[in-house]
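Here's the structure we're looking at; comments come further down.
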Amino acid sequence: MLDLKRIREFPDDIRRGIQDKHERGDVDAVLDIDRRRREIIAGVDQLKNTRNVVSQEIARMKKAGEDASSRIEEMKGVSDTIKSMDEELRTVEEQLREMLLSLPNISHDSVPVGESDADNVEVRSWIPEHTVGINEESDEPLRDHIELGKKLGILDFDRGAKLSGSGFPLYTGAGATLERALINFMIDVHRNEHGYREVFPPFVVNTASMYGTGQLPKMTEDMYRCADDDLYLIPTAEVPITNMYRDEILDTEQVPSYFCGYSACFRREAGSYGKQTKGFLRVHQFNKVELVKFARPENSYDELEKLVADVEKILQLLHIPYRVRLLCTGDTSFSSAKTYDLEVWAPGEEAWLEASSCSNFEDFQARRANIRFRPDGPKSKPEFVHTLNGSGLATSRLMVALLENCQTPEGTVVVPKVLQPYTGFAVID
RNA sequence: GGAGAGGUGGGUGAGUGGCUGAAACCAACGGUUUGCUAAACCGUCAUAGUGGGACAACUGCUAUCGAGGGUUCGAAUCCCUCCCUCUCCGCCA
């Protein structure tokens, strides 16, 4: 949610920002309704004041044994007016809130203006000195992850579909072990080397949480919902982890703080059928280790760079080639002010796959979720924190890259050194 | 699923219709005292909206005692609905 005062003061900037982001939002309507709201407040507060004053007087008169009936009669009318004005105010504020909730975050100045993926800017790329598998010298054609998965008996898409439908992958044998190893490895690196505190969140959350991080109201059709309990399956651990501190004021020393946590992620991917649906590329359930930061506003962009570096470290340790791209305004998500995507190279697909998205939301989520902190000791006035998060990383896409990069000409897969303590085996064959 | 209990400020916890935005205590913060620490004492100690003011200091008003509605001149206090938490029993991983 944007700051209403900021909209009042710089309406043109907001209009342009919304346009750059290719979102919709009627700034003038917001300003109109805000003006109306303040009118009502001015009037009704005045009336409440008289009511309070006169009520006190009535109390005093009664105590003194005087007759207060005329004053009481007078106040009946006032009370009725207050009631109807309060009702109108509530309606107006609800409208305003809905409008504000539907306005996107505005991109940071450092974000290139652009329309789509084509306008994203590659910031850097990284290629390991040596590959884990052996593929460059061989004449054997590279296999893709589906073929590898089938041949090695580690991914069973058909039976996954039998259980739940397409897009619900089933890992078997060494595949299941490898998946678990990846998760544990990533959490350990972030916890032990990057200073993140580990959390294990619930996988379903209530609507307030979904509003807090910005999934609601816009992404309703993309989420799985348990209608009987009015709970949603989380599309990312960002939701529960960021919402841990919803409606709280953090102490000075609690900011910045870093959290990492694993969760399964559930996405309906409505409307994307037919696109990249084969194998692991787009699934309804996947595993992800998420990084979340609560940062001070003045250095949240430094925190974003560090966050990206923390994710890169994982890929480097796994010897997986990747590139970092800065998303343009049009490709940046609704809630984010600035986003870097990390894309891993999948040689079997001959494609870059988005495996991580790292964003600074500034105070957009914090304002929605009402997460504040005292910037300068226990007496200082609360301010909204800046929230950041990034996938560190999503295992589905990572698994594709890993299998395809670490395959041998014989069709086996070499497990990267750093994962071997977690898997207990060095080769999948 | 059955039966109960309860939701008040950072915490504990008073408060059953009007000088209660809310006692008291603890924590925290500032200070006095002190060789240092401790103790003691004094003081400060919510958030938001809206207006004045230089979008300062400061200040007026309004709101907030789980949420919403009702009764009343007036509600933390009475009534209704909902939400949440806890305890016991049953069932179950």
Side-chain angles (χ1 to χ4, degrees), chain A residues 1-14 30-97 99-100 200 202-212 226-232 240 243-255 257 297 363 366-385:
Chain A
M1 189 152 59
L2 296 171
D3 183 5
L4 184 54
K5 291 201 186 91
R6 184 177 163 198
I7 301 176
R8 266 185 224 152
E9 274 178 68
F10 310 104
D12 293 335
D13 293 353
I14 303 298
V30 169
L31 293 175
D32 282 346
I33 201 127
D34 174 49
R35 222 170 283 127
R36 177 77 192 117
R37 165 178 155 269
R38 283 186 290 164
E39 267 171 35
I40 299 172
I41 287 173
V44 78
D45 276 5
Q46 183 66 48
L47 288 179
K48 283 177 178 172
N49 180 238
T50 23
R51 182 181 67 182
N52 289 343
V53 171
V54 175
S55 287
Q56 300 244 2
E57 200 186 321
I58 291 169
R60 205 177 47 243
M61 289 170 85
K62 284 200 164 180
K63 214 172 241 173
E66 297 169 30
D67 176 29
S69 54
S70 73
R71 308 246 68 183
I72 289 175
E73 206 50 42
E74 206 180 305
M75 283 306 104
K76 275 186 184 169
V78 172
S79 262
D80 287 345
T81 314
I82 289 174
K83 198 170 286 180
S84 67
M85 285 177 87
D86 263 344
E87 205 161 306
E88 194 186 349
L89 181 61
R90 202 164 38 243
T91 312
V92 165
E93 291 199 315
E94 185 50 38
Q95 283 172 6
L96 180 62
R97 190 183 124 81
M99 285 181 186
L100 287 175
F200 203 122
F203 292 180
V204 294
V205 299
N206 53 30
T207 55
S209 298
M210 284 299 188
Y211 273 101
C226 311
D228 284 347
D229 304 288
D230 204 21
L231 293 170
Y232 292 87
N243 277 284
M244 283 196 302
Y245 294 123
R246 174 154 45 83
D247 293 321
E248 291 192 34
I249 300 175
L250 302 177
D251 295 333
T252 304
E253 60 275 12
Q254 282 179 280
V255 179
S257 53
D363 64 6
R367 198 176 290 281
R368 288 173 161 246
N370 193 25
I371 306 169
R372 292 174 292 170
F373 78 116
R374 296 189 190 275
D376 190 27
K379 292 289 166 192
S380 55
K381 192 172 151 57
E383 268 178 47
F384 289 109
V385 298

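Keep in mind the model is a prediction, meaning the values are calculated, not measured. Every chain is numbered from 1, with letters handed out A, B, ... down the list of sequences.
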**Request:** Let me know the distance between CZ of A/Arg367 and P of B/rA48, rounded to the nearest Å.
**Result:** 11 Å

**Item:** Spacing between A/Ile82 atom CD1 and B/rA75 atom P, to the nearest angstrom
**Value:** 10 Å

Short N/O separations, protein against nucleotides 41-45 of chain B, under 3.5 angstrom:
residue	atom	partner	partner atom	Å
B/rU44	O2	A/Lys379	NZ	3.4

**Item:** Those residues of residues 47-61 of chain A lying under 4.0 Å from RNA chain B by at least one heavy atom
**Value:** A/Lys48, A/Asn49, A/Arg51, A/Asn52, A/Ser55, A/Ile58, A/Ala59

**Residues forming a side-chain contact (heavy atoms from CB on, under 4.5 Å) with A/Arg38, sequence neighbours excluded** = A/Arg8, A/Asp34

**Request:** Return the residues of residues 86-95 of chain A meeting this criterion: a heavy atom under 4.0 Å from some atom of RNA chain B. Order them by number, or give none.
**Result:** A/Arg90

**Fill in**
All stems that RNA chain B takes part in, i.e. 3 or more consecutive Watson-Crick or G-U pairs with distances under 3.5 Å, are B:1-7 with B:83-89, B:10-12 with B:24-26, B:28-32 with B:40-44, B:46-52 with B:58-64, B:66-70 with B:78-82

**Request:** Report, as yes or no, whether the 6.0 Å neighbourhood of atom CD on A/Glu87 holds more than 12 heavy atoms from other residues, nucleotides or ligands.
**Result:** no

**Item:** C1' atoms of B/rA39 and B/rA57, separation to the nearest Å
**Value:** 38 Å

**Asked** In whole Å, what separates the C1' atom of B/rA76 from that of B/rC92?
**Response** 41 Å

**Request:** Taking side-chain contact (heavy atoms from CB on, under 4.5 Å) as the test, write out the residues that go with A/Met1, two or more places apart.
**Result:** A/Leu100, A/Leu101, A/Arg367, A/Arg368

**Item:** Inter-nucleotide C1' distance (B/rU50, B/rG11), Å rounded
**Value:** 32 Å

**A/Asp67 side chain vs A/Ser69 backbone, donor-acceptor pair below 3.5 Å** = yes

**Prompt:** Is A/Ser380 reaching over with its side chain to a backbone N or O of A/Gly377, donor-acceptor style, under 3.5 angstrom?
**Reply:** yes

**Item:** N or O in side chain of A/Lys83 less than 4.0 angstrom from B/rU71 OP1/OP2
**Value:** yes

**Side-chain donor or acceptor of A/Asp363 paired with backbone N/O of A/Phe384 under 3.5 Å** = no

**Whole-Å P distance, B/rU59 and B/rG66** = 29 Å

**Message:** Measuring only the C1' atom in each nucleotide, how far is B/rA14 from B/rU87? A whole number of Å is fine.
**Reply:** 24 Å

Please list, for nucleotides 50-53 of chain B, all pairs of protein and nucleotide N/O atoms separated by less than 3.5 Å.
residue	atom	partner	partner atom	Å
B/rU50	OP1	A/Arg8	NH2	2.8
B/rU50	OP1	A/Arg37	NH1	3.2
B/rU50	OP1	A/Arg37	NH2	3.0
B/rG51	OP1	A/Arg38	NH1	3.4

**Prompt:** At under 4.0 Å, does any side-chain N or O of A/Ser79 touch on OP1 or OP2 of B/rG74?
**Reply:** yes

**Request:** Keeping to residues at least two apart or across chains, list the salt bridge (Lys or Arg N to Asp or Glu O under 4.0 Å) pairs with something in residues 372-385 of chain A.
**Result:** none

**Request:** Write down the distance separating the C1' atoms in B/rC89 and B/rA67, rounded off to the nearest Å.
**Result:** 30 Å

**Request:** Remember a base hit wins even if backbone is also touched, and classify A/Lys62 as base, sugar-phosphate or nothing at under 4.0 Å, heavy atoms.
**Result:** base

**Prompt:** Using the C1' atom in both, what is the distance from B/rU64 to B/rG68, to the nearest Å?
**Reply:** 14 Å

**Asked** With sequence neighbours left out, which residue pairs that include part of residues 45-56 of chain A fulfil the salt bridge (Lys or Arg N to Asp or Glu O under 4.0 Å) condition?
**Response** A/Lys48-A/Asp86

**Asked** Does A/Gln46 have any side-chain contact (heavy atoms from CB on, under 4.5 Å) partners at least two apart in sequence or in another chain, and if so, which?
**Response** none

**For A/Gln56, all residues meeting side-chain contact (heavy atoms from CB on, under 4.5 Å), sequence neighbours excluded** = none

**Asked** Got a sec, which residues hit side-chain hydrogen bond (donor to acceptor under 3.5 Å, both in side chains) with A/Asn52, two or more places apart in sequence or on another chain?
**Response** none

